[in-house]
Every structure is written in C-alpha cells, then in structure tokens.
Amino acid sequence: MTMGRAAIGLLLVCGAVGCGHSRLPSLPATHGQLSMAMEKYSVHWREDAHSSAIGDPPVEVEPAQAESLFIEAKRTLEGSPSDDQVQGAWADLRAACFAQLDAACEYIADNFQRPRSIDGAKKWAPKLDSAQAGMLYWAVVVCRVGLDGHLKKCSVIEHGGTVALAAVLDFTGQVRTLPATISGHPFETSLVTKFTLMPGSEPLTPAQTLQWLRERTARFPGSFAAWADLAELLSGQYPEAPEYLDALRQLNHLVPDYWWASNELAWQLIQDGRFEAALQLARHAMPRAIRNPYVRETLAAALAGMGQCDAALNEQRRAVRALPSEWPLPERKRFLTTLRSYQEKCGAPAASPQPGTAAPKQ
C-alpha cells in the first residue's frame, strides 16, 4: 500500500499566512501577493481571516470612548490581573483599535504573541487502507486554545474524503501549544487547523489546486477558510479575472474583519475609479494591519482619488517609511514614485522620506 503525503497546518502557529520572518517576495508579484508577503515577513499582530472569523466579534465603541478603554486596559495588564481581567483587557484593546485609535493598535502590535507550537513538526499520518490510498483528503477544524495550551471545543467546518473524522479530532486532542499572550498574560483564543492528505508523492499542480479550491467553495459556501484559500491563489494566478473579485467579495462578506480581503477589495475598486467605496474598505482594514505599508498605500490611493490631497500624502509618506530596507528595490522605488506624483498634484515640497527608516520588528 502506498501512503499519501500528509501535512498539517496550524494557522495560528504557522500556516497559510506564515510565521516569523519569511523570505522576501519574488517579483513580479501582484498587490495581493505583496500585501500578504509583507504580513509573512513581519513579526507583528494581524487579524487574519481565520482568527477574526472564529473569535468573538469586537465590541463596537464610539471613537470618543476608545482612549479611556485603552488606558484602562493598559493599567489592568500592567498589574497582576486575573484570567477574566486579561480576557476583558484584550477585548477592550481590540475594541479601541477597531475604533481607529492608533495607540491601541500599536500596543497590540508590540505586545501580542500568538499561540506557538510546542510539539515541533509533529505529523498527522492516519492509517489508510487500499481503498483510501490515492484519494485527496482534507479537513478544516476550529478549536479554542485554552490557557493550558490544550485544544478544546473543536468543530469541523470542512471535511472531504474517506478518512474518519475521529482520527482528525483525536490528533487535535494531542496537539499542545503555548497559549496566546498579551503583555505576557495568557488568554484564550481560537485557531484553525487544516489537514491535507495528498494522493501519491507529488503535490497538486496549480491547475489541480485551483480546481480543488473551486470544489471546496462550491461544497462549503459558508467556509471562510475555503474562500480565503481560493482568493489568495487567484490573487497570484488570475488577479484580473472576475472570479478573483467575486472571491474577495464573498470572503469580505463572510469575514468583514479580515484585513487582507478588505484591503484587496479596496485596491480592486480603486482600479475601477470607485474611490468612495474603496475608502470605506481601506479605513476598515487599517486598524487590523496598521504596520503593513500596502494597506497604507491603498488608503492613500483612495484618499487621492477622493481629492483629499494632504491626507493622501501623509499616508503615502507613512507607507514609504514602513517599507523594510531589505524589501525589493523596484517596490521601494515604486512607493517613492507614487509619493512624488502625489506631491506634484498637491504642490507639496519634493523632499521624501526614505524606505526602511522605521526600525524592523524583532
């Protein structure tokens, strides 16, 4: 019997959006690829599709309340809070950040640590009989990460193939992680675990992968994970196809707080001259990826399209400063060229900030 190639992805540990410093992107690449590559490269907090979709939605607060919430949450975390107080402070920080308080977003970026695997490269390798060999199998499981690092309250949002779900859930029960922390205090979060068993020893071709992802979204139209995977693939392979725009819209509908979907949908609308709708989406994405220069670039373009010259210049300057000095030179030049075009339109001084002036996160 030939065993398929088994792989497990723990999305809040590494997974589809990467973890830690990843290699720099190769050019040419689309805006969607580059914005995601920046998140893979960076070591800061981001609300990706999976975590924001399955966590409690942020409490909506008025901007005038955001600063007091932030100050109180900081004060709580600087003391010796109980587990419930930590959970409450985390919720307040998110609410303040989503109310457009940059200080709260920056605090999260500096002090949030996502769950980390303590099982190393432990593999999921179910036993297959001859009838199962050579068949593509996958499952997407949503779990809570407890304060002790155990996965609990798991539920299956996608399942295809013949492998028993019991084997999948048994594996998740064995996984151990270090829980998420905020300012060093652990708290409960949700994560998504993706299982894939490929037939044979070779991975799927790009065409096979695209067909598989289309089948997943057709079979599980409410799965944010399926739409996220499809949209990310299309962003690189078919960025101008109507299917890509449709996938972004569906993902944004299912997961309104996913920064990447909001930002890339805004970027697509900017190309069509729909600046007002793009501006709303770009502003919605900003708190969730406050240090990503591609998010600031999108916001700047939407503001420029709306004729808000000074605001567009400010955002593009911040985008240029946020680019790592190691980022591909053509992209750094492109950001500067865009900035100069805004300066010419606005009659602003020609002096420009240099990319990579902000210290990289470690």
Side-chain angles (χ1 to χ4, degrees), residues 12-13 17-21 35 38-52 54-116 145 147 178-191 256-260 262-263 282-296 299 314-315 317-319 321-324 357-362:
L12 291 189
V13 180
V17 296
C19 62
H21 280 289
S35 63
M38 180 62 71
E39 289 298 294
K40 293 179 180 182
Y41 176 85
S42 302
V43 196
H44 61 78
W45 169 74
R46 66 242 187 224
E47 282 287 301
D48 58 50
H50 314 298
S51 60
S52 62
I54 58 183
D56 296 331
V59 177
E60 293 187 10
V61 299
E62 295 296 325
Q65 299 174 281
E67 187 170 3
S68 61
L69 274 180
F70 171 53
I71 292 172
E72 184 58 33
K74 273 186 62 179
R75 183 181 296 117
T76 296
L77 295 172
E78 288 167 358
S80 300
S82 66
D83 294 341
D84 287 343
Q85 288 175 321
V86 173
Q87 204 78 38
W90 170 245
D92 288 346
L93 285 171
R94 293 180 72 228
C97 173
F98 295 165
Q100 308 291 322
L101 183 65
D102 283 2
C105 301
E106 294 285 357
Y107 183 89
I108 291 172
D110 287 334
N111 295 282
F112 172 75
Q113 174 65 61
R114 62 184 54 250
R116 290 164 290 162
V145 184
L147 298 179
L178 296 175
T181 62
I182 182 68
S183 296
H185 303 288
F187 65 98
E188 282 199 4
T189 52
S190 298
L191 65 75
D257 290 330
Y258 182 17
W259 72 269
W260 185 78
S262 296
N263 189 65
R283 282 177 169 160
H284 191 72
M286 178 55 65
R288 295 144 179 86
I290 195 168
R291 291 180 177 169
N292 191 315
Y294 289 91
V295 177
R296 292 208 177 274
L299 180 56
N314 180 58
E315 291 299 336
R317 287 190 184 106
R318 296 177 73 176
R321 285 194 293 265
L323 280 172
T357 54
K361 289 289 292 174
Q362 298 296 330

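For reference, positions follow the sequence shown, starting with 1.
In this structure, V295 and W260 have side chains that are not in contact, with every pair of non-hydrogen atoms separated by 4.5 Å or more. The shortest side-chain heavy-atom distance between Q100 and P287 falls under the 4.5 Å cut-off. Here the side chains of M38 and L323 are in contact, with some heavy-atom distance below 4.5 Å. At least one side-chain heavy atom of E106 sits under 4.5 Å from a side-chain heavy atom of R291. With contacts defined as side-chain heavy-atom distances shorter than 4.5 Å, the pair D92/F70 does not qualify. Considering only heavy atoms from C-beta on, N111 stays 4.5 Å or farther from L77 through its side chain.
If you take CG on N292 and CE on M286, they are separated by 8.5 Å, rounding to the nearest 0.5 Å. We find the CD-OG1 distance between Q113 and T181 to be 5.5 Å, quoted to the nearest 0.5 Å. Between the SG atom in C105 and the CZ atom in R94 there is a gap of 11.0 Å [rounded to 0.5 Å]. In this structure, NE2 in H185 is found 12.5 Å from CG in L147, a value given to the nearest 0.5 Å. Note: K74 NZ to Y107 OH = 6.5 Å, rounded to the nearest 0.5 Å. Remark: I182 CD1 to T76 OG1 distance equals 12.0 Å, nearest 0.5 Å.
Nearest heavy-atom pair across V61 and L69 is CG1-CD1, 3.7 Å. Closest of all the heavy-atom pairs between C97 and A104 is N-CB, 3.7 Å. Heavy atoms only, all atoms of each residue included: P179 and P186 are closest at CG-CB, 3.9 Å.
The pair R75-E78 fails the salt-bridge criterion, with no side-chain N (NZ, NE, NH1 or NH2) lying under 4.0 Å from an Asp/Glu carboxylate O.
Distance alone, capped at 3.5 Å, places no donor-acceptor pair between the S262 side chain and the W259 backbone.
Using cut-offs of 30° and 60° for the angle between ring planes, the F112 and F187 rings count as tilted.
Under the 3.5 Å distance criterion, with hydrogens and angles disregarded, a donor-acceptor pair is assigned to the side chains of H284 and D257.
In this structure, E67 places its CD atom where only 12 or fewer heavy-atom neighbours from other residues, nucleotides or ligands lie under 6.0 Å away.
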